[in-house]
Each structure stands twice: as structure tokens, then as C-alpha cells.
Amino acid sequence: MSAGRGVSDPAPPLTTTLDLVRRVILLERKQGYQNRAATGGLHRYFQHQFGKYTLDERTAPLVQGLLRDLKRYEGMGSVAERHTQTEIVLRRLDDPAWTVEVPAPRDTAIGPVSPAHRGDAESMARVRGGTAPSPAATGPATAVAWQTTGTAAPEDVAHAQFAQSGTLPVPDRSRRSSAMRPCGLVSRASPDSPTGQSQATPGQAAPTKVGEGVPPAERLDQPLNAALKIRPQEWEKLERLGVRTVEDALYYLPRDHYDCRNPVPLNKLRLGMSTTIVGALQAVNMRKTARNHTIVEAKIADGTAVVRVGWFNQQHVARVLRPHIGQRIAVSGHTELYNGSLQFVPRDYEFPDEDDAIHTAGLVPVYPLTEGLTQRWLRGTIGRALDAGLRLVEEPVPEALRRDYELLPLVEALRAYHRPAGEEEKRAATHRLAFDELLCVSIGMLRRKRDWQQGAPARPIAHETDTLERFEDELPFRLTGAQRRVLRAILSDMARTVPMSRLLQGDVGSGKTVVAAAALLAAAQAGLQGAIMAPTEILAEQHARSMARVLVPFGIEVALLTGSVKGPDRKRVYAGAANGTIPVLVGTHALIQEGVTFDRLALAVVDEQHRFGVGQRALLRQKGYNPHVLAMTATPIPRTLSLTLYGDLDVSVIDERPPGRQPIETSWVPSDATAYRLVREQVRAGRQAYVVCPLVEESDKSEARAAVAEQKRLQRDVFPDLVVGLLHGKMKGTEKESILKSFRDGAIQVLVATSVVEVGIDVPNATVMVVQEANRFGLAQLHQFRGRVGRGAEQSYCILLAEGASAAGQQRLQAIASTDDGFKLAEEDLRLRGPGEFWGTRQSGVPELTVAGVGDARAIEQARGAAERVVASDPDLALPEHRLLAARVERFWSRGSERS
Ligand code: ADP
Ligand code: MG
């Protein structure tokens with residue numbers, strides 16, 4: 001091959017030569033990867049062919065990339081590697097970003113090639129201004145002698161390997177053979193990401209062969225650094241991520257995927273888009289802003305437009321980018337307006353051509369990192385772990401269940417969760433892994449329930465029908481149908497020798513307290529003792545008062561035990577509980593302190609149960625001998641989820657409000673002026689208002705301090721003519737009680753409070769709830785605040801003040817303003833954020849869910865159903881077909897902190 005020949009030979013259109021590459025590659029495959037399908041070897045041959053073209057910034061990266069691929073191909077020692085490399089070449093050729101962008105011919109002329117540039121991939125990128133060849137002229141290749149013989153070569157090694165194995169190797173990566181298409185960022189978290197645009201065609205992915213290329217691991221619990229080569233410094237960091245074994249690596253799941261299938265053409269970028277772009281890196285500049293910040297600015301072009309990408313205060317990026325000028329770069333991020341023109345703000349970037357295509361082809365996994373590990377390294381390592389370890393994965397879910405619920409096999413799900421072929425597969429994989437987690441939860445819960453049901457018996461508590469009728473007669477209102485229904489369920493539980501373990505769910509204001517009072521009455525009338533524990537002193541005092549109101553007419557004494565009950569009073573309560581003369585004891589955590597003993601505690605009620613840890617609830621239970629337990633919560637949990645989350649309990653729901661309640665008018669306003677005008681109007685009409693201060697994260701103390709300041713401000717500047725009170729968590733019990741009494745009596749008109757008002761306070765005359773910086777509170781909490789009003793017959797209002805809320809914050813505020821039905825809100829929360837968000841509300845030592853954080857109600861129901869089937873047929877998971885499942889359940893629960 002002489003240096004001058006390329007200049008004189010007329011070159012065919014570039015597409016013809018590109019097509020030739022494809023045909024040579026296919027021939028290479030047929031011939032067994034010997035690097036003989038083109039004279040002198042693939043790289044050399046095409047270096048010569050492409051040397052005939054003048055390339056521009058669109059075509060250069062493609063050609064340059066191809067030549068690099070071919071060069072690498074030449075250097076590869078195994079058939080498997082070479083096969084993978086042919087995939088990469090074919091994919092690059094299929095990339096529509098290139099085929100589409102080859103412009104229509106202006107004429108058939110072939111641009112001159114400077115000998116200085118010919119064949120030099122690096123310099124080709126810098127050649128400018130040739131005429132791009134025509135795609136229309138694609139035809140059969142004519143100019144190539146592509147069948148050659150006689151080249152002696154190290155390739156014979158590869159050939160020999162191939163001959164030995166006798167089959168065409170299909171590396172794992174072959175499933176990524178789908179064409180490389182443009183990029184958007186797929187995010188589990190954001191449903192509005194551009195992923196919806198691209199659905200993978202079913203069957204697009206080649207069948208998976210697991211574990212080719214990387215030596216297989218021996219066992220799933222083999223240390224990863226024994227299965228793969230990992231340097232000590234990186235090993236240490238992997239351990240920090242909790243990745244120690246091969247299996248850990250398989251379950252180290254990506255938090256996200258880049259969608260490198262459909263990049264947005266640069267001329268289609270619009271303001272506010274969040275996506276990935278792919279193009280040639282044209283230039284890299286660095287400049288200082290007036291405030292001495294550094295901006296690294298890159299220009300990226302894809303033939304449709306040029307876009308500026310700006311890195312803010314990341315000088316090192318310039319150093320990384322500069323050597324890659326002329327190459328293809330993929331950048332994920334979003335668009336912004338900067339100095340009047342569209343600019344791309346990067347989040348992440350990489351060079352698709354630099355590596356084999358695990359970083360830029362298809363849906364590319366993005367893993368949570370720790371300091372000192374790069375995404376690229378981790379992605380490569382997990383990829384190797386998958387290759388080495390997937391083959392060892394056994395299926396824990398029995399065949400019948402898997403068939404009935406149409407679940408992917410576990411091994412397939414793990415593979416696809418890391419490297420899905422498309423959205424559909426990713427969903428199926430997520431579903432399967434979420435199912436597994438929820439199945440472990442459900443089985444654990446069902447067994448827990450079975451354990452206590454089969455444990456020692458409780459004292460049965462019979463109730464007298466006429467007593468309950470009298471109880472209702474004594475009330476100032478009629479019980480709602482829902483209250484009656486749940487009360488029946490509770491009383492019939494209590495009549496049995498199996499200890500009750502029931503969760504009573506009811507929206508704020510639905511009237512749970514009176515139901516608990518009726519149950520306590522039944523216990524007391526049976527000559528036994530009952531106790532109710534509340535999370536705050538205020539609530540405990542309020543309960544003591546309302547219990548006394550309904551129970552004293554029956555001759556039943558109600559005693560109170562909180563941290564504020566001291567000295568002889570406390571002694572008296574201790575003695576009364578211990579000798580059984582106190583039939584009903586209301587209190588806070590003080591109830592579960594060591595000194596407290598009961599003579600015959602038969603019913604333990606825990607109000608706002610999610611505010612207690614499982615250990616605290618267990619302690620209360622231990623104060624009696626297998627007492628019946630009633631847990632109450634106003635945090636609505638979607639029904640589907642509560643079956644799983646509270647699978648060890650029986651769940652009753654009060655789904656009806658007391659009659660005469662008007663819906664609370666909720667609005668979301670940016671300015672306080674509107675809010676305070678309404679407060680004033682309502683106070684003038686004889687009503688009262690709450691103002692909840694912003695959340696202060698650091699501590700209760702600083703939150704209290706902020707509330708003190710806010711009360712002063714409101715009293716002095718906004719409501720000088722009204723009485724503005726203050727309530728916060730750091731006040732003494734007696735102080736709180738006297739403030740609350742003044743508020744209840746109407747002496748205080750506006751009560752400034754921290755989030756302590758969240759729980760339970762019941763002042764029906766209060767009709768306005770103002771929440772400052774509402775965007776900082778969660779949905780459930782906001783709903784709780786709102787529940788403090790609307791407790792009487794008057795129209796009530798909830799005003800959410802929020803300026804500059806984030807998108808997620810706005811979504812929450814919108815949701816809360818749109819309905820005051822807590823269960824609807826909970827469903828919405830489940831839809832928006834998935835079951836993982838509800839986990840904390842149980843606080844039961846249920847291990848964290850890693851996959852089921854994604855909204856997938858179907859998985860919740862299926863897992864519950866499957867768990868029931870398994871436990872019904874084999875409660876101890878002792879059958880051989882449940883062996884693996886039993887191990888998984890065991891492992892899952894051992895991750896939880898404590899068990900009750
Ligand atoms: P929560 O379920 O949030 O604990 P409470 O038990 O505090 O609700 O009840 C809220 C208010 O509704 C209380 O003032 C209570 O007296 C009143 N209430 C409860 N049941 C009824 C009913 N059936 N009819 C009218 N008012 C009721
Ligand atoms: Mg309550």
C-alpha cells in the first residue's frame with residue numbers, strides 16, 4: 001500500500017465503504033475470526049479505504065471509531081473477545097445517528113485526501129470541509145478483494161480455539177446487539193423522563209448466555225475479590241458499599257439507567273428538557289465569570305446543530321475533555337437558558353467510542369457510588385461479576401408460583417435489572433425483584449402472626465351487650481357505622497383466648513378514641529385492667545380526660561401516668577396499677593418504665609402506634625400476661641400495602657367520618673398576607689387558629705427556639721390585638737397543659753406551634769390551620785396538621801404557605817390540596833413514591849426494601865397471595881421445594897434491626 005494511492009483512486013460513496021465493513025465483518029465471523037476477511041488484516045485494509053475520504057465533524061468520529069474497533073479486534077487473543085468486538089462494530093454501523101446524518105449528495109465528487117492525513121485516525125478527525133458522500137449511491141462493493149489466503153498470523157490461535165469449542169461463541173453481551181440509538185436518561189424516579197419514547201421491540205435481544213468471557217465464580221458467597229481481579233484499594237471501597245461476595249455484586253442494583261438508544265438530535269433540544277445528547281466534541285474552552293467562578297465550556301455538534309455544554313467550577317473537566325476533541329461524547333443533563341441562548345447543563349458524560357460499549361449502548365446502568373470509585377470502574381466490575389456469577393443463581397420461587405404470577409426467572413431478572421433490553425424488560429425485572437422482597441416480608445409477617453397465635457393463651461373478655469348500649473347512650477353523639485363495625489370486630493377478638501393483635505386504621509378525626517374507650521370499658525367491666533399509651537403528654541392528658549368522661553359514669557376510674565406525674569401521685573398510680581385497683585391507666589412512655597407493674601393487664605392499646613418503636617410496643621405487651629393488643633394509627637396506609645406491612649396483624653379500618661363534618665377547604669398560597677387575613681376573619685367570628693412553624697431539622701431545641709421567635713413576631717407585628725399562644729415540644733408538661741387549656745377554653749385565639757400539634761390534639765372550635773413552609777413537610781404530616789381542624793360543625797380551612805417549592809414539593813402540595821381523604825392521599829403517595837416510602841411508618845424492624853421502592857401495587861398483592869399459599873401448605877418452609885426460599889427469607893429478615 002503506497003502512500004499516494006488513496007489520492008488518485010476515486011473513492012465510492014462513504015456509505016458503500018461502510019457497507020463493506022459490515023460485509024467483511026460478517027465474513028470474518030463465517031471464517032472464524034481470523035482477521036483474514038480483508039487483505040492484510042481488517043484494520044490495515046480499512047485504514048487504507050477510509051484514507052480516501054475527507055471527513056467532517058460528523059463522519060470523522062464514526063470512521064475513527066471504526067478504525068479503533070478494528071485495531072482492537074486485531075489485538076484480541078480469543079474468539080470470544082473477537083466475537084464481541086464484531087458486535088461492537090456492527091452496532092456502530094447500525095447507529096442511526098450516523099446513517100441518518102450522512103447528508104444527501106451534492107455531487108458524486110470525492111473530496112481530496114491529503115496524504116498527510118490519510119490513514120491517520122487521530123488527524124482525520126481534524127480534517128474539515130470535504131464533501132460528504134452519498135447514501136443514495138450505496139451499492140454492491142466492487143473494489144475489494146476480500147477473500148484472501150495465506151496470511152500467517154497469531155490469529156491461528158483464535159482459529160484453533162474456535163475449532164476446539166466447535167460452536168460459535170455467544171458472549172453475554174450479544175444481547176446488546178440492538179442498534180445503538182440516541183440517548184435519554186431513564187430514571188426510575190421520574191416518570192416524565194424521555195424513556196417513554198422508546199419501546200424495545202420484543203425479541204430484539206438475543207438470548208442470554210451467561211458467564212462467557214469471564215472465568216466463572218465458584219460460589220455465590222465467594223468473596224468477590226477471589227472471583228475477580230480487584231486491587232486492594234478498590235476492594236476496600238467495594239466493601240464500604242457492602243459488596244463483599246459475588247452475590248452482593250449481583251444484588252448491587254443500579255439506581256438508574258442512561259437510555260443510550262434515542263439521543264435527542266441537538267436541533268430538537270428545547271428549554272427544560274432533561275435528556276442525553278450525543279455528538280462530536282468540537283472544542284473545549286475555559287473562562288472565568290465576573291465572580292471568579294470557572295466555566296468549562298464544550299461545543300458538541302451532531303450535524304443538526306451545535307450545543308454548548310457548561311461545567312461550573314469543575315476545572316479538571318477541561319483536562320479530561322481536551323484529548324477527546326473530535327470524538328463522540330455522550331452527555332446527560334438538562335437544558336437551561338444562559339445569556340439568552342440555550343445551554344446544556346451536564347450531569348454526567350462519557351466517551352462512547354473509548355471503551356467497549358458497556359457504557360453507552362442500550363440502557364446503561366448507573367450505580368450508586370462511594371468516594372474513590374468511578375462509575376465506569378464499578379459498571380465494569382459489576383458487569384464482570386454478572387458474567388462470572390449469574391450462572392450460579394438458583395431459583396428460590398417454586399415453579400408453580402412463578403408460572404401463576406408470570407414472573408421472570410430470578411437469573412433473568414437480575415441480568416435484566418442491570419442491563420435491560422428495553423423498558424418492558426426493565427419493568428418485568430423490577431417487578432420480579434420487588435416480588436421477591438415483598439414475598440420475604442409477607443412470609444415473615446405471616447409466620448410471626450402464627451407464632452403469637454399459637455403461643456400462650458390470652459384471657460378471654462366477655463362483654464355485655466346492654467353495657468355497650470348504655471355506653472352509646474352516654475355519648476353526646478351516635479357512633480358511625482364504621483365505628484360500630486370495628487368495635488364489633490375488636491370485642492369479638494377480645495372474647496377469644498387467642499390474644500388479639502389488631503391494627504385500627506382511621507383517618508384523622510374519624511373517632512378512634514371512643515372505640516378504644518369502649519374496648520377498655522369491656523376489659524374493666526370484666527374485672528381486668530386496660531392501658532392506653534400515647535406518644536405525647538398532651539395527647540395522654542387529653543385521652544385521660546375524654547376516657548374519664550365516658551367511663552366514670554360506669555364507675556370506672558381512669559388514672560394518668562406521664563413524666564409530669566411525680567412524687568406521691570406517681571407512687572399512688574404505681575400502687576394502683578400493681579394491686580389492680582386502677583382499672584384503666586392512660587399514659588405516655590412512662591407506662592413502660594421498669595417500676596410499672598399491673599396486677600392483671602388484659603388489654604393494651606397503643607395510640608398513634610407508628611410513633612413507637614416495636615420494642616416499646618413489645619414492652620407494653622409484656623406488662624401483662626399475653627394481653628390483647630390494639631394498635632391505632634391515623635397514618636393511612638393503602639389497603640394493598642397494609643396487608644403486607646401489617647401482615648402479622650388483623651387490620652380494621654374506620655372509613656367513615658362522623659356526620660356533619662364539612663370538607664376542609666385547603667389552599668396553597670405563596671404569601672402570608674392572605675393567610676393572616678383569614679385567621680383574623682375567623683377569630684372575629686369566634687373561631688380559633690393554629691400556625692405551624694417551619695420544620696427545623698437540627699434539633700427539637702432549635703425548633704422550639706424558632707417557634708418562640710415566631711410567636712413573638714406574630715404577636716407584635718401581625719396580631720397585636722389578639723392573644724397569641726405558644727406550644728412546643730421543649731415545654732414542661734404542666735406548661736403545655738396550661739397553654740392547651742387556655743386554647744381549649746378560648747383564651748388563646750391563635751396558637752403558634754411546632755409539629756407537636758401534629759398528633760391528636762382535639763379542639764373543635766379551631767377552624768384555621770396555617771402551615772408555614774409547607775413544602776418541607778411530608779404528605780402524611782401535612783394531612784395530620786390539617787386534621788387538627790374540621791373537628792366541629794363549622795367550615796374549616798387549611799392554608800399551606802410555600803414559596804419556591806421543588807417539583808416534588810409542589811406535587812405534594814397539589815395532592816394535599818386536591819383531596820382531604822387520607823386514604824386517597826396514601827394511594828397517591830404509593831403511586832408517586834412506591835411502597836418503600838411507607839416502610840418507616842411501621843418502624844417494626846422490617847428490613848429496608850431496596851427494589852420495592854417503585855410503585856408496583858401488583859407485586860404487593862401477588863407477593864401477599866403467594867406468601868399465603870406457601871405458609872398455608874408449609875408453615876415452616878420445610879419442604880424441599882422451599883429450601884431456597886426459606887434461606888432467602890432468613891437472610892432477608894436477618895437484615896432487619898429487631899424483631900418483636
Ligand atoms: P381520631 O380518630 O383522629 O383519634 P378522635 O377520636 O380524636 O379522632 O375524634 C375526633 C372528634 O370526633 C372528637 O371530638 C370526638 O369526640 C368526635 N367524634 C368521635 N366519634 C364521633 C361520632 N360518631 N359522631 C360525632 N363526633 C364524633
Ligand atoms: Mg387520635
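Residue numbers count from 1 along this sequence. All ligand and atom numbering here is 1-based and tracks the order in the structure.
- The neighbour count for Lys824 NZ, taken as heavy atoms of other residues, nucleotides or ligands under 6.0 Å away, does not exceed 12.
- For ligand 1, the atoms lying closer than 4.0 Å to a non-hydrogen atom of Asp762 are 11 (C), 13 (C), 14 (O).
- Put simply, part of Arg661 is less than 4.0 Å from ligand 1, judged by heavy atoms.
- Residue contact check for ligand 1: Gly509 places a non-hydrogen atom closer than 4.0 Å to it.
- The closest approach between a heavy atom of Ala634 and any atom of ligand 1 is not below 4.0 Å.
- No side-chain heavy atom of Met533 sits under 4.5 Å from any side-chain heavy atom of Thr588.
- Close contacts between ligand 1 and Val508 involve ligand atoms 3 (O) [criterion: under 4.0 Å to a heavy atom].
- Looking only at atom types and distance, the side chain of Arg812 has no donor-acceptor partner in the side chain of Asn775 under 3.5 Å away.
- The atoms of ligand 1 that sit less than 4.0 Å from any heavy atom of Asp507 are 2 (O).
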Next item on the list: Decide yes or no on side chain to side chain donor-acceptor pair (under 3.5 Å) for Gln772 and Glu710, but give the supporting numbers first.
Entry: CA-CA 11 Å; Gln772 298 181 334; Glu710 184 60 15; 2.8 Å; yes
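- Both the backbone and the side chain of Thr480 come within 4.0 Å of ligand 1, counting heavy atoms alone.
- Inter-residue side-chain proximity for Met494 and Ile490 is flagged as met; some heavy-atom pair is nearer than 4.5 Å.
- Here is the list of ligand 1 atoms found below 4.0 Å of a heavy atom in Leu479: 23 (N).
- Looking at heavy atoms from C-beta onward, Tyr690 lies in side-chain contact with Val789 at the 4.5 angstrom threshold.
- Ligand 1 places these atoms under 4.0 Å from at least one heavy atom of Arg791: 3 (O), 7 (O), 10 (C), 11 (C).
- The proximity of Arg788 to ligand 1, defined as any non-hydrogen pair under 4.0 Å, does not occur for either the backbone or the side chain.
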